[in-house]
Undergrad: 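Let me begin by handing over the structure; questions about it come next.
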Number of protein chains: 2
Amino acid sequence: MRVVLPAGTTETALIDGISAAGASPELMAHTPSADAEILEYGEPTTAPLTPVSPSGCPTPAAITRAVREVVGFDVTVVDAGLTEPTGAATVDLDIDPGTDVRTPTAVPDADAIYDRAHGFGASLPEDDLLIGETVPGGTTTALGVLTALGEPATVSSSLPENPVERKRRVVDEGLAASDLEAGDCDGAPMEAVRAVGDPVQPTVAGITAGALESGAEVTLAGGTQMVAVAALLRHAGVDAALSIATTSFVADAAGDLETTCERLDCELTVTDPGFDRRDHTAMERYCAGEAKEGVAMGGTLSLVPDGKMAALRDRVETVCSRLGIDADGSPKEETGSNTTE
Amino acid sequence: MRVVLPAGTTETALIDGISAAGASPELMAHTPSADAEILEYGEPTTAPLTPVSPSGCPTPAAITRAVREVVGFDVTVVDAGLTEPTGAATVDLDIDPGTDVRTPTAVPDADAIYDRAHGFGASLPEDDLLIGETVPGGTTTALGVLTALGEPATVSSSLPENPVERKRRVVDEGLAASDLEAGDCDGAPMEAVRAVGDPVQPTVAGITAGALESGAEVTLAGGTQMVAVAALLRHAGVDAALSIATTSFVADAAGDLETTCERLDCELTVTDPGFDRRDHTAMERYCAGEAKEGVAMGGTLSLVPDGKMAALRDRVETVCSRLGIDADGSPKEETGSNTTE
């Protein structure tokens, strides 16, 4: 089992109110780079911050790292358009950051990214892959491609109150800037990404398609962003078995996730890490609907055997403490303030 | 425990008779990229060959990977001047391949590489690091910096018959091209690298110095190339405790290794993997003095508990079989022919 984490950025995240509530754009660009370091080393090493929301909710990378410390798995981070440097080792597929979906072209070389990612996915010898993502603004670009593909478009949010109307306006502007209407990219998935997507989407889709073709089983580790990837794959004619594994936090908020997965012929696994059993701010914030998912969190939680879920919660406390997040929610001074969605 | 593997190239390896007996220069440039993939994924994924000598001796990466499959450890590959792409994730420190030591400047930005590597080493949170290398031509550049520093210069070889006179002539030419004589770089280690070294040396030295400064214990995993790095560190004024861990194959061939390590105030660990107990070409070739060391092989072998050395030998057979190397020494057609030193 290998966990592959494409990590990237899109200028779409800089749109006011879309992502990173309360954080400066400068800090937000560091989030995927910091996530990669947390997953790889257990803490940020060169990134200037630990992504933590103002209310004390840590990045899902903290939870995924805790799972890694409990069950153990190999990790490969793919640079899917990072803006800021990372101290984590990354696979270089020559992918640039994405531009604002409201411009005519959000991901100019979506096709080429898909092809290179396909080659990389096909090259991996593992029989089982779990593929996640970290890209601030990713639920908006997910809404973008689902709309462009003509798929029923509901997306989740890292905020308890999903700014979905704002996202829809951004996507409508993005489609208009690309001379497209909803559904115009039916059967042309990379056209959808090119117009209103982000560079992480063709990376995840390409790796998945390549790995499936070489006989691996692939689990898409995430929520509505992985629904968008699954839709891209189905519109690309990929008809192999696909699984999506996410958290109970996403499943509770996105009521029709099961129906959506059925329509896309995806098996759905939902894992509840039992965070409500702990009196710890980080876990409380997840129960309150913050963050919900990301950095392969839901997929890796599905690897935790039932008998080890309490140990996982212990480990979440350990990782949070290492990241300077106290049980009572006072982030230490050196942690940044940054929520992405 | 984390194993860090700086992987790079120098045009010095292209000098006739220095390295890669029997292999084309085009294939040799792929060796460190393939080594990184073997260590990370268990086999080459995008590199066009498995580095295997004409007599059936596999790259030390195969042995290091077998150790990893037996004892388990985290790996971080650092791009220390790769020429060819690799499918392995790598830390990007903006390091270029080295040029031929017979030109006036072999590593133009040796100082800057050392500084960036220092920052990376200091950023790692681990208490224990084991640092290896893979760079074709590396024993010649080791001889180069040892000579420039004025240190007693004996180096090992991946060949049973060490072409040491040829290496000395190359180093003498290199010093002359840089207007230097033996010993001229005493106390100026990066001058030595700049003139007659390779980019992997300042990378290993910098990571080591940075990690030592932040309180980690560091083991240099290798033979005479790591003696050169230890000399660079001592000439840079680094006086912290240093260890070198290598194979019995190097120790048997480089008779004064213990004295050298004492002079550099380095603890020496030598591990004999007991390959003479197996009737398998790969292990027989190591016993005959081929390859000897590289890709952190000796250092990682020191992690194998005595009770697991037989399991390690079993695993070497498994990895070799996966790489297409039969017990009777017939490499399958798709494996390349490539020995480096």
Side-chain angles (χ1 to χ4, degrees), chain A residues 1-7 33-34 36-48 50 65 68-69 71-80 82 84-94 116-127 129 207 210-211 214 216 319 322-324, chain B residues 1-7 33-34 36-48 50 65 68-69 71-80 82 84-94 116-127 129 207 210-211 214 216 319 322-324:
Chain A
M1 165 63 69
R2 180 176 299 273
V3 174
V4 179
L5 182 73
S33 301
E37 292 176 355
I38 292 168
L39 187 53
E40 188 59 43
Y41 301 117
E43 60 190 82
T45 53
T46 62
T50 292
R65 172 68 194 192
R68 190 178 185 200
E69 293 182 13
V71 304
F73 48 75
D74 287 326
V75 166
T76 299
V77 179
V78 177
D79 184 339
L82 290 171
E84 297 294 334
T86 180
T90 58
V91 173
D92 180 7
L93 297 177
D94 194 18
R116 291 196 294 272
H118 188 286
F120 173 71
S123 79
L124 293 173
E126 268 86 10
D127 295 328
L129 293 178
I207 295 171
S214 68
V319 172
R322 189 191 304 148
L323 296 177
Chain B
M1 165 64 70
R2 180 177 298 274
V3 174
V4 179
L5 182 73
S33 301
E37 292 176 354
I38 291 168
L39 186 53
E40 187 59 43
Y41 301 117
E43 61 189 82
T45 52
T46 64
T50 292
R65 172 67 194 193
R68 189 177 186 202
E69 294 182 13
V71 304
F73 48 75
D74 286 326
V75 166
T76 300
V77 179
V78 176
D79 183 341
L82 291 171
E84 295 295 334
T86 179
T90 58
V91 173
D92 180 8
L93 297 176
D94 195 17
R116 291 196 294 272
H118 188 287
F120 173 70
S123 79
L124 293 173
E126 268 86 10
D127 295 327
L129 293 178
I207 295 171
S214 68
V319 172
R322 190 192 302 149
L323 296 176

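Below, chains carry the letters A, B, ... as their sequence lines are ordered, and counting in each starts from 1. This structure is a prediction, so every number in the text was calculated from the model and none was measured.
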Undergrad: By a 4.5 Å heavy-atom criterion (distance strictly below it), what part of A:D79 contacts chain B: side chain, backbone, both, or neither?
TA: neither
Undergrad: Measuring from atom CG of A:L124 to atom CD of B:E37, what distance do you get when rounded to the nearest 0.5 angstrom?
TA: 10.0 Å
Undergrad: For chain A, which of B:E126, B:R322, B:E40 has the most heavy-atom pairs under 4.5 Å?
TA: B:E40
Undergrad: Which atoms of B:T76 come close to chain A, meaning under 4.5 Å heavy atom to heavy atom: side chain ones, backbone ones, both, or neither?
TA: side chain
Undergrad: Can you tell which part of B:Y41 gets under 4.5 Å to a heavy atom of chain A, answering side chain, backbone, both or neither?
TA: both
Undergrad: So, for A:A88 and B:V91, which heavy atoms are closest and what is the spacing to 0.1 Å?
TA: C-CG2, 4.0 Å
Undergrad: Pick one of side chain, backbone, both or neither for B:V78, based on which atoms fall under 4.5 Å of a heavy atom in chain A.
TA: neither
Undergrad: Heavy-atom distances under 4.5 Å only: say whether B:D92 touches chain A with side chain, backbone, both or neither.
TA: neither
Undergrad: Which heavy-atom pair separates A:A89 from B:V77 by the least distance, and what is that distance?
TA: CB-O, 4.2 Å
